[in-house]
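What follows is a single structure, written as structure tokens, with notes after it.
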Amino acid sequence: MNPVSILWPMIAGACVVLAVVQLLLRLHDRNAQANLWLALLALAVAGIAVGELAIMMAGSPEVFAGATRWTHLPVFIAVIAIVRFVSCCFGTARAWFGWAVIGLRAFALALNFSVGLNLHHDAITALRPIRFLGSTVMTAEAVFSQRTLVGQLSTLLLLAFVVDASLGLWRKGDADSRRRALVIGGSLMAFVAMGLFQSVLIHSGVVAMPYLISVPFLLVIAAMSFEMSRDLFRSARNAEELREGAESMHLAAGAAGLAFWRWEIPQDRIWVNPQGRALYGVPANTPINLERYLASLHAEDRERVRRGIDAALKGNGEFRTDYRVMDEEGKVHWVEARGKVDFNGGGKPLRMRGVSIDATERRQMQERFRLSVEASPNGVVLANAAGSILLTNRRANEMLGYGPEELLGQPVESLVPERYRSAQASYREGFLRAPESRTMGVGRELHALRKDGSEFPIEIGISPVESPEGTLVLSVIVDISARREAEDEARRHRDELAHVTRVSALSELSGSLAHELNQPLAIILANAQAALRLMAQSPPDLGEVKDILSDIVDEDRRAGEVIKRLRVLLKRGETKMLPVSFNEIATEVLHLTHADLIGRGVSVSRILSQDLPLVSGDRVQLQQVLLNLVLNAADAMAASPAGSRQLHVATSVDDVVARLSVRDEGCGLPGDVEKLFEPFYTTKPQGLGMGLAICRSIVAAHGGRLRAEPHPEGGAIFYMEIPTCPPAASS
Ligand code: ADP
């Protein structure tokens, strides 16, 4: 065997293998047109190799000429395949150029079969054996034809076509395109150029050798294999990534209970993953189509879902719905599904892909939330970050005077009286910056606005609620009108009671007060009589009369003061909170009780702080408290020996608290001091036992406290303590 007869069949065989591989690839991927053309090219080159072998081994000039003629057929096919391959693979070839190349080659083929022996020879006189690659092969002693030029021209045109397309690809600039232009374009160019060059050399008689097109094609095979192996490698990697992706997706879907599905619309076939089958209660091997899917839904939801699907197919392809399904155990589940329809170029729906999820738990939680909100005895309003109301419960609607869903979508500002509205938005922003539960408007009165424009006092607790739509604000509103009314009522009763006890305390003073009034009146009377006498003299002593009259005025004033103080205390009136000084209260009460205390043999010492801040209070009520303490102190000392009945009244300030103390040196306090402050506790035969109870409630209403303790030196000491006004208010 000579090497040529081994090599050429091997080349042909390699080409066929390549062709088969490419055909398989093409079968696998219907879009791989380039593989088809490459397969055809490889087959054509296999044909050329066979032709070349026949030529080299020809036994006669006729066989030589015939083999040459038939070899042009695979050459023609190879040209078509190259043009089409370059067009598909590069995407940059000019179509007209390609057709020109094929046309010219077709013309050459026509000449090959119609004129002379073949495209190259007009006549072959003899065959001449030559040594080639260690073998003896035949060349022709021939008359070469001018038609060869047509063949050479078509090869030249093919070369130009490949160069042009490769340049186009190169200009795309990305690394992949450039490599492809270089490897495939370059190898094709080299193949075509070598074929052309060889043909020129043989025809000009420079060399005597057989036509060898198939050998340079090995170069192309190598280049193509290189490129294709890269593609194969890449697709293998992609496949691996896809597999990993699909696996993670599968795991995630399993963990999240996600059902993936795909509906091939023309075939009406639905694929769904195992989670989906479990969700819809469809056994593993049962095929699913649209009707089977709809049959798995709750009867009441079927028509709605069908309409949703129709709308998606006819509209923009978006499918979004929820419905109930029954699982294998007959339990009802809520499912939320979303899908998207793929349309073909003509707008015909091809498939719908989507996911479904079991939303039962979420629904249940939402329902539980809704029920607990609905059952709340307080008003509940849920709003989003923009202040738009998302949910209200029945109580809130009742409270605010709205219908069941009337408030949804309204701004929360519509529930706030006009005068507070401007502050509302900034308050909400502040809350969302630091979202935590809190009570709104501590220390100030809050009001809500009803639909009819009326207002009512409220307390509000607000809490942040995290949701997929961002942080929501949950407000719990308590209508405190009833409580306010009860408080007002209680205050009125306390005022009443305070008035009664005040009157009763004053009645104790009535004797001494009468005395206090009698005294100036007696003086006035005596002075008036004296004045009359002086006026009766002739001439009247007007200077003396004038002095007397001014004494009368003084005494009258004194009596007037007593009456004025009494009137103030006896008046029944509304509580008026104004800045007031403990020192003034002490002075006024000690004035009022002056005569009474003297009458009881009680002497008073007072130590009043000079820089005592004011407190906010009702003057009359605070006087009442002190009056009560002073009279109780005097009572407690009633049994003490005369001369030791000492009353100490003092005022002081301790940080932000003003303190007024009343100390006596009397009988002292019982062990359980708190008992004194209980209503109706008294040790006095005529006592009501309400004095200290009332006093304590008065002081508590001022935000302060009233307490008592035994004094170390005997007797008792009572403290009235009330927070001082802030500096601005005191000034
Ligand atoms: P009343 O004076 O009508 O008894 P109060 O509520 O003012 O009612 O006083 C209740 C009781 O507290 C008095 O009866 C007395 O026993 C006791 N008490 C009040 N002040 C003093 C005091 N300074 N020293 C001792 N006991 C006092």
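We use all heavy atoms of the structure for the numbers below, so side chains are in, but hydrogens, waters and symmetry mates are not.
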Checklist entry - For F582, which of V653, V649, V615, L614 qualifies under side-chain contact (heavy atoms from CB on, under 4.5 Å)? => result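 That would be V615; it is the only one of V653, V649, V615, L614 passing the side-chain contact (heavy atoms from CB on, under 4.5 Å) with F582.
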Measure the spacing between [atom1] of [X] and [atom2] of [Y] and express it to the nearest 0.5 Å.
X: L590; Y: L597; atom1: CG; atom2: CG; answer: 7.5 Å
X: E485; Y: I480; atom1: CD; atom2: CD1; answer: 11.5 Å
X: R438; Y: I460; atom1: CZ; atom2: CD1; answer: 12.5 Å

Donor-acceptor pair, side chain of [X] and main chain of [Y], under 3.5 angstrom:
X: R645; Y: R600; answer: yes
X: R304; Y: D322; answer: yes
X: T724; Y: V656; answer: yes
X: Q621; Y: R619; answer: no
X: H702; Y: G704; answer: no
X: R302; Y: L297; answer: yes
X: R705; Y: V699; answer: no
X: R421; Y: V416; answer: yes

Contact check, side chains of [X] and [Y], non-hydrogen atoms, under 4.5 Å:
X: I585; Y: V625; answer: no
X: R362; Y: W334; answer: no
X: D654; Y: E721; answer: no
X: F718; Y: L676; answer: yes
X: L622; Y: L626; answer: no
X: S376; Y: R395; answer: no
X: L400; Y: N397; answer: no
X: K340; Y: E318; answer: yes

For the residue pair [X] and [Y], what are the closest heavy atoms and their distance?
X: S296; Y: Y280; value: CB-O, 3.6 Å
X: T593; Y: L627; value: CG2-CD1, 3.4 Å
X: I717; Y: Y719; value: CD1-OH, 3.6 Å
X: N393; Y: A396; value: OD1-N, 2.9 Å
X: G453; Y: L449; value: O-CD1, 3.4 Å
X: L408; Y: L390; value: CD2-O, 3.4 Å

Would [X] and [Y] pass as an ion pair if we require N to O under 4.0 Å?
X: R707; Y: E709; answer: yes
X: D310; Y: R307; answer: no
X: K675; Y: E678; answer: no

Next on the checklist: Apply side-chain contact (heavy atoms from CB on, under 4.5 Å) to residues V602 and V630 and explain how you reach the verdict.
Outcome noted: CA-CA 10 Å; V602 174; V630 167; over 6 Å; no
Item to check | Audit row: H711, E665, side-chain hydrogen bond (donor to acceptor under 3.5 Å, both in side chains) steps and yes/no | outcome: CA-CA 8 Å; H711 194 271; E665 298 178 6; over 6 Å; no
Checklist entry - Checking side-chain contact (heavy atoms from CB on, under 4.5 Å) for the pair Q364/E367: CA distance, chi angles, key distance, verdict? => result CA-CA 5 Å; Q364 278 169 351; E367 186 59 14; 5.5 Å; no
A quick test of your reading: do over 12 heavy atoms of other residues, nucleotides or ligands sit less than 6.0 Å from [atom1] of [X]?
X: R606; atom1: CZ; answer: yes
X: E466; atom1: CD; answer: yes
X: I607; atom1: CD1; answer: no

Next on the checklist: Under a 3.5 Å threshold, yes or no: a donor from one side chain and an acceptor from the other, between Q410 and S388?
Outcome noted: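 No, no side-chain donor-acceptor pair sits under 3.5 Å.
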Next on the checklist: side-chain contact (heavy atoms from CB on, under 4.5 Å) for L660 and L629? Distances and angles first, verdict last.
Outcome noted: CA-CA 11 Å; L660 194 157; L629 297 181; 5.5 Å; no
Next on the checklist: Show, in sequence, the C-alpha distance, side-chain angles and deciding distance for T587 and L608, and conclude whether the side-chain contact (heavy atoms from CB on, under 4.5 Å) test is met.
Outcome noted: CA-CA 9 Å; T587 308; L608 302 184; 4.1 Å; yes
